[in-house]
Amino acid sequence: QVQLVESGGGLVQPGGSLRLSCAVSGTLFSIYAMAWYRQAPGKQRELVAFISDRGITNYADSVKGRFAISRDNAKKMVYLQMNSLKSEDAAVYYCNKGPGGTQYPWGPGAQVTVSS
(Lines give C-alpha, C1' and ligand atoms only; values in the text may rest on other atoms or scores of the structure.)
Protein backbone atom coordinates (compact mmCIF):
# COMPACT_ATOMS: atom_id res chain seq x y z
CA GLN A 1 0.00 0.00 0.00
CA VAL A 2 1.48 3.32 -1.09
CA GLN A 3 1.72 6.07 1.50
CA LEU A 4 2.70 9.69 0.96
CA VAL A 5 3.53 11.85 3.96
CA GLU A 6 4.31 15.54 3.48
CA SER A 7 6.08 17.66 6.09
CA GLY A 8 7.84 20.97 6.54
CA GLY A 9 4.96 23.37 6.16
CA GLY A 10 4.38 26.32 8.44
CA LEU A 11 3.95 30.05 8.76
CA VAL A 12 6.45 32.26 6.97
CA GLN A 13 6.65 35.96 6.18
CA PRO A 14 6.53 37.18 2.60
CA GLY A 15 9.98 36.80 1.09
CA GLY A 16 10.82 33.91 3.37
CA SER A 17 11.70 30.30 2.61
CA LEU A 18 10.46 26.85 3.46
CA ARG A 19 11.54 23.35 2.50
CA LEU A 20 8.87 20.70 2.12
CA SER A 21 9.60 17.00 2.28
CA CYS A 22 7.59 14.03 1.09
CA ALA A 23 8.25 10.50 2.28
CA VAL A 24 7.06 7.77 -0.09
CA SER A 25 6.58 4.18 0.95
CA GLY A 26 5.18 1.04 -0.60
CA THR A 27 6.18 1.52 -4.22
CA LEU A 28 9.07 1.33 -6.67
CA PHE A 29 9.74 5.01 -6.20
CA SER A 30 12.70 5.47 -8.50
CA ILE A 31 10.87 4.57 -11.69
CA TYR A 32 8.17 7.21 -11.41
CA ALA A 33 8.07 10.90 -12.10
CA MET A 34 7.00 12.80 -9.03
CA ALA A 35 5.44 16.18 -8.54
CA TRP A 36 4.31 18.74 -6.02
CA TYR A 37 0.79 20.11 -6.22
CA ARG A 38 -1.00 22.74 -4.16
CA GLN A 39 -4.55 23.66 -3.36
CA ALA A 40 -5.61 27.00 -1.98
CA PRO A 41 -9.03 27.49 -0.35
CA GLY A 42 -11.78 27.60 -2.96
CA LYS A 43 -9.42 26.72 -5.80
CA GLN A 44 -8.59 23.63 -7.82
CA ARG A 45 -5.49 21.62 -7.04
CA GLU A 46 -2.71 22.74 -9.34
CA LEU A 47 0.63 21.35 -10.45
CA VAL A 48 3.56 23.30 -9.02
CA ALA A 49 6.68 21.34 -9.90
CA PHE A 50 7.59 18.08 -11.61
CA ILE A 51 10.68 15.88 -11.58
CA SER A 52 11.16 12.91 -13.87
CA ASP A 53 12.68 9.61 -12.86
CA ARG A 54 15.94 10.91 -14.33
CA GLY A 55 15.82 14.24 -12.52
CA ILE A 56 14.50 16.49 -15.27
CA THR A 57 12.46 19.27 -13.71
CA ASN A 58 9.69 21.58 -14.79
CA TYR A 59 7.77 24.30 -12.97
CA ALA A 60 4.58 26.26 -13.14
CA ASP A 61 5.24 29.76 -14.44
CA SER A 62 4.10 31.23 -11.14
CA VAL A 63 6.94 29.57 -9.19
CA LYS A 64 9.70 29.41 -11.79
CA GLY A 65 12.95 30.78 -10.42
CA ARG A 66 11.72 30.63 -6.82
CA PHE A 67 10.98 26.95 -6.19
CA ALA A 68 13.20 23.92 -6.71
CA ILE A 69 12.11 20.29 -6.71
CA SER A 70 14.53 17.46 -6.00
CA ARG A 71 14.43 13.80 -5.13
CA ASP A 72 16.50 11.21 -3.29
CA ASN A 73 15.69 7.81 -4.76
CA ALA A 74 17.66 5.92 -2.11
CA LYS A 75 15.62 7.52 0.67
CA LYS A 76 12.36 7.61 -1.32
CA MET A 77 12.01 11.31 -0.64
CA VAL A 78 10.88 14.28 -2.72
CA TYR A 79 11.67 17.84 -1.69
CA LEU A 80 10.42 21.29 -2.59
CA GLN A 81 12.62 24.25 -1.71
CA MET A 82 10.48 27.38 -1.75
CA ASN A 83 12.16 30.78 -1.72
CA SER A 84 10.86 34.34 -2.01
CA LEU A 85 7.46 33.20 -0.88
CA LYS A 86 4.45 35.33 -1.72
CA SER A 87 1.00 35.50 -0.21
CA GLU A 88 -0.39 33.76 -3.28
CA ASP A 89 1.80 30.72 -2.53
CA ALA A 90 -0.27 29.98 0.58
CA ALA A 91 -1.96 26.60 0.16
CA VAL A 92 -1.86 22.99 1.21
CA TYR A 93 0.98 21.31 -0.67
CA TYR A 94 0.84 17.67 -1.73
CA CYS A 95 3.27 15.34 -3.44
CA ASN A 96 2.21 12.59 -5.80
CA LYS A 97 3.11 11.03 -9.11
CA GLY A 98 3.53 13.31 -12.06
CA PRO A 99 0.34 14.17 -13.96
CA GLY A 100 -1.15 12.03 -16.71
CA GLY A 101 -1.62 8.73 -14.94
CA THR A 102 -3.27 7.12 -11.96
CA GLN A 103 -2.32 8.99 -8.82
CA TYR A 104 -1.38 7.38 -5.54
CA PRO A 105 -3.79 7.95 -2.63
CA TRP A 106 -3.24 11.55 -1.55
CA GLY A 107 -1.42 12.23 1.68
CA PRO A 108 -2.42 14.73 4.36
CA GLY A 109 -0.52 17.58 2.71
CA ALA A 110 1.59 20.32 4.26
CA GLN A 111 -0.02 23.66 5.09
CA VAL A 112 1.96 26.69 3.96
CA THR A 113 0.85 30.06 5.28
CA VAL A 114 2.50 33.23 4.03
CA SER A 115 1.66 36.23 6.14
CA SER A 116 3.31 39.14 7.88
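Scope of the values below: all heavy atoms of this structure, side chains included, with no hydrogens, waters or symmetry mates. Each residue takes its place number in the sequence, starting with 1. From a predicted model like this one, the values you see are computed outputs, not experimental measurements.
Put simply, Val5 and Trp36 are part of two different groups of oily side chains (I, L, V, M, F, W, Y) that touch within less than 4.5 Å, one to the next.
Shown here for Gly9 and Ala110, the closest heavy-atom pair between the two residues is N-CB, 4.0 Å. What you find for Arg71 and Asp53 is that their closest heavy atoms are NH1-CA, 3.6 Å. In terms of heavy atoms, Leu47 sits closest to Pro99 at CD2-CG, 3.8 Å. When all heavy atoms are compared, the tightest approach of Pro14 to Ser115 is CD-C, 3.7 Å. The nearest pair of heavy atoms linking Val114 to Ala90 is N-CB, 4.0 Å. Closest of all the heavy-atom pairs between Ala33 and Ser52 is CB-CA, 3.9 Å.
With a 4.5 Å cut-off on side-chain heavy atoms, Phe50 and Ile69 do not count as touching. For the pair Arg38 and Val112, the minimum side-chain heavy-atom distance is 4.5 Å or more. Inter-residue side-chain proximity for Ser17 and Gln81 is flagged as met; some heavy-atom pair is nearer than 4.5 Å.
In this structure, the separation between OH on Tyr59 and CG on Leu80 is 7.5 Å, given to the nearest 0.5 Å. The structure places CG of Asn58 at 11.0 Å from CD1 of Ile51, a figure rounded to the nearest 0.5 Å. The line from CG of Leu85 to CZ of Phe67 is 5.0 Å long, rounded to the nearest 0.5 Å.
Judged by the 6.0 Å and 45° rule, Lys97 forms a cation-pi pair with Tyr104.
The salt bridge (charged side-chain N to carboxylate O under 4.0 Å, His left out) check on Arg66 picks up Asp89, with sequence neighbours excluded. With sequence neighbours left out, the side chain to side chain donor-acceptor pair (under 3.5 Å) criterion links Lys43 to no other residue.
A donor-acceptor pair under 3.5 Å is formed between the side chain of Glu6 and the backbone N or O of Cys95. Counting only distance, with no hydrogens or angles, the side chain of Lys86 and the backbone of Val63 share no donor-acceptor pair below 3.5 Å.
With a 6.0 Å radius and a threshold of 12 heavy atoms from other residues, nucleotides or ligands, Glu88 has its CD atom above the threshold.
You'll find the ring centres of Tyr37 and Trp106 inside the 6.0 Å limit.
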List the steps, then state whether side chain to side chain contact (heavy atoms under 4.5 Å, CB included) holds for Cys22 with Tyr93.
-> CA-CA 10 Å; Cys22 172; Tyr93 283 71; over 6 Å; no
Under the side chain to side chain contact (heavy atoms under 4.5 Å, CB included) rule, what do Tyr94 and Leu4 come out as? Steps first, then yes or no, please.
-> CA-CA 9 Å; Tyr94 303 88; Leu4 305 171; over 6 Å; no
Which is it for Ser21 and Met77 under the side chain to side chain contact (heavy atoms under 4.5 Å, CB included) test, yes or no, and what are the steps along the way?
-> CA-CA 7 Å; Ser21 300; Met77 297 288 294; 3.8 Å; yes
